[in-house]
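Because the structure is a prediction, the values reported are computed rather than measured. Note on naming: letters A, B, ... go to the chains in the order of the sequence lines (proteins, then strands), and numbering restarts at 1 for each one.
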There are 2 protein chains.
Amino acid sequence: MAQIRGARGSRAKASVRSATKSKTREPRVATASVEGSSSTEARLLDCALTIFAEKGYSATSVRQIIDAAGVTQPTLYYYCDDKADLFKRLVRQKYEESHQQLDSVLQQIDGCEERLRTLVRRSFEYCVADPRIPRLMFQTYFGPPIEGIAEFLDELTATRFALVTRLMRDGMKSGELKRADPEFLALSFCNLMDQPINLFARMSHPKRYLTSKLADAIVELFLRGGG
Amino acid sequence: MAQIRGARGSRAKASVRSATKSKTREPRVATASVEGSSSTEARLLDCALTIFAEKGYSATSVRQIIDAAGVTQPTLYYYCDDKADLFKRLVRQKYEESHQQLDSVLQQIDGCEERLRTLVRRSFEYCVADPRIPRLMFQTYFGPPIEGIAEFLDELTATRFALVTRLMRDGMKSGELKRADPEFLALSFCNLMDQPINLFARMSHPKRYLTSKLADAIVELFLRGGG
DNA sequence: TTACCAACCTAACGACCGTTAGGTTTCACG
DNA sequence: CGTGAAACCTAACGGTCGTTAGGTTGGTAA
């Protein structure tokens with residue numbers, strides 16, 4: 001099992017497999033969309049995302065994925081080590097994409113309230129843009145533990161929790177927030193933000209639910225309370 | 001399929017099966033604990049709860065349950081229609097137990113803030129008393145949808161959401177809460193209350209996490225905000 | 001004594017699962 | 001042209017799953 005490495009660690013079928021690195025296979029042409037015309041690997045990842053999000057990781061069989069992608073099972077195993085690796089690749093990519101952007105945007109903003117507002121609004125936008133991602137992530141994170149997956153998700157979500165905790169600490173330092181346990185505040189805020197997303201993702205994603213109005217209402221409730 | 005009925009709807013193996021009612025099998029003696037000495041049915045239910053809570057509904061096989069209970073597979077199918085029926089029986093019983101008590105206690109209390117405080121405190125107490133129950137319920141509710149189970153849980157949790165919504169409406173009527181969408185407030189409050197429970201249930205349930213101090217902090221944050 | 005039924009059992013059934021051994025095709029490169 | 005590797009394929013492997021057909025037992029009622 002080696003170390004926790006940032007690298008993908010797939011491929012290299014017939015070779016030694018003891019090497020932890022193993023270079024990443026990149027598509028020969030830079031394809032944009034994920035239609036039937038795109039690369040096999042991209043199609044596999046996208047179909048996997050769709051079906052994983054719909055039925056959950058465990059209830060999705062690799063056969064369903066390869067059927068949707070129009071390939072056979074060994075093809076899937078050519079591109080990833082196993083089902084878990086497929087999932088991790090998928091989620092890590094999507095997560096880091098949004099997380100890094102969110103992080104850099106927040107650093108350019110002053111004031112706790114405005115930061116929180118931006119955090120919620122941006123998160124909502126990401127989720128509306130592709131509801132499969134939050135649906136898969138929340139379902140898997142809050143669902144029954146899956147060996148090799150649960151720890152991976154814990155690690156991912158910890159980085160976001162750390163970000164929010166930092167926001168809370170800063171808010172307390174600047175006097176915008178009352179003195180309190182920053183982790184309690186961060187957890188509470190994440191709950192207020194995440195569960196509407198979760199609700200949205202597991203319904204038939206009505207277009208007008210995750211609005212910026214709702215985002216602001218959440219921040220308002222968090223800061224000023226409902227009483 | 002038939003209608004949505006309150007009754008259990010198990011048993012009646014070789015008989016017609018079209019009858020929706022079917023009387024409930026009660027143990028011949030009233031056994032208290034769930035040791036090896038109690039009735040087979042109670043032992044099955046308790047073992048099912050333990051393993052379902054630990055690994056989730058789908059990842060739990062009936063073989064694991066009957067092994068833990070010390071019986072064979074046909075015995076399990078003698079007491080319930082199938083795996084889903086076993087789960088529903090389990091959850092319905094535990095849920096209604098706590099929900100009814102909670103409901104009646106809340107009706108004897110005046111004042112929104114005191115009611116909310118009691119709601120959270122009591123919920124915490126239930127969860128500390130047997131963490132398997134919230135763990136199983138949240139895991140299954142927030143996890144990937146399971147045919148025949150998801151709708152069942154939606155129905156159950158809707159009753160509690162209605163209760164909380166009523167509290168919010170009353171609070172707004174009495175002026176203790178600002179005018180706002182009562183469902184938004186109810187959802188937000190449930191999030192603030194449930195996720196710490198969820199966190200507690202999926203960790204190794206540290207004795208001193210779901211304290212009445214945390215309960216009060218949640219109500220305080222909900223009413224007065226963190227800003 | 002006999003008949004019956006609740007309460008269990010042994011032993012399988014068929015379906016599906018993740019994974020892989022061992023090909024074949026295509027094509028860039030020498 | 002020949003070689004080799006990338007990108008796929010057919011066809012299975014062994015295992016686990018939920019469920020059940022068809023017993024056996026032991027006590028109770030007629």
(request) Answer with base, sugar-phosphate or nothing: what part of the nucleic acid does A:S58 contact at a heavy-atom distance below 4.0 Å? (result) nothing
(request) Whole angstrom is fine here: how far is it from CD1 in B:I66 over to C1' in C:dA7? (result) 15 Å
(message) Does C:dA7 have OP1 or OP2 under 4.0 Å away from a side-chain N or O of B:T40?
(response) no
(request) Could you state the atom-to-atom distance from OH of B:Y78 to C1' of D:dT25 in whole Å? (result) 13 Å
(request) Give a yes/no on whether any side-chain N or O of A:Y77 is located under 4.0 angstrom from OP1 or OP2 of C:dT19. (result) yes
Can you pull every protein N or O that's under 3.5 Å from an N or O on nucleotides 9-13 of chain D?
unit_1, atom_1, unit_2, atom_2, d
D:dC9, OP2, A:T72, N, 2.8
D:dC9, OP2, A:T72, OG1, 2.6
D:dC9, OP2, A:T75, OG1, 2.5
D:dC9, O5', A:T72, OG1, 3.4

(request) Kindly calculate the angle separating the two end axes of the helix from C:dT1-D:dA30 to C:dG30-D:dC1, each obtained from five base pairs, and round it to 10 degrees. (result) 10°
(request) Using atom CD1 of B:I51 as one end and atom P of D:dG18 as the other, report the distance to the nearest whole Å. (result) 12 Å
(request) Output all residues satisfying ring-ring contact (aromatic ring centres under 6.0 Å, His included) with B:F200, sequence neighbours left out; order by chain, then residue number. (result) B:H205
(message) A side-chain contact here means heavy atoms from C-beta on lying under 4.5 Å apart; do A:L102 and A:Q107 qualify?
(response) no
(request) Ignoring the backbone of A:S61, work out which of C:dC17, D:dA7, D:dT20 is nearest its side chain. (result) C:dC17
(message) For A:F52 and A:F87, take the angle between the two ring planes, folded into 0 to 90°, and tell me which bin it lands in: parallel under 30, tilted 30 to 60, perpendicular over 60.
(response) perpendicular
(request) Using the side chain to side chain donor-acceptor pair (under 3.5 Å) rule, pick out the option among B:Q101, B:H99, B:R121 that qualifies with B:Y126. (result) B:Q101
(request) Please determine, by modelled atom types, if B:Y95 and B:T159 share a side-chain donor-acceptor pair under 3.5 angstrom. (result) yes
(message) Would you compute the distance between atom CD1 of A:I51 and atom CG of A:L136 and round it to the nearest 0.5 angstrom?
(response) 12.0 Å
(message) Whole angstroms only, please: what is the NZ-P distance between B:K83 and D:dT19?
(response) 8 Å
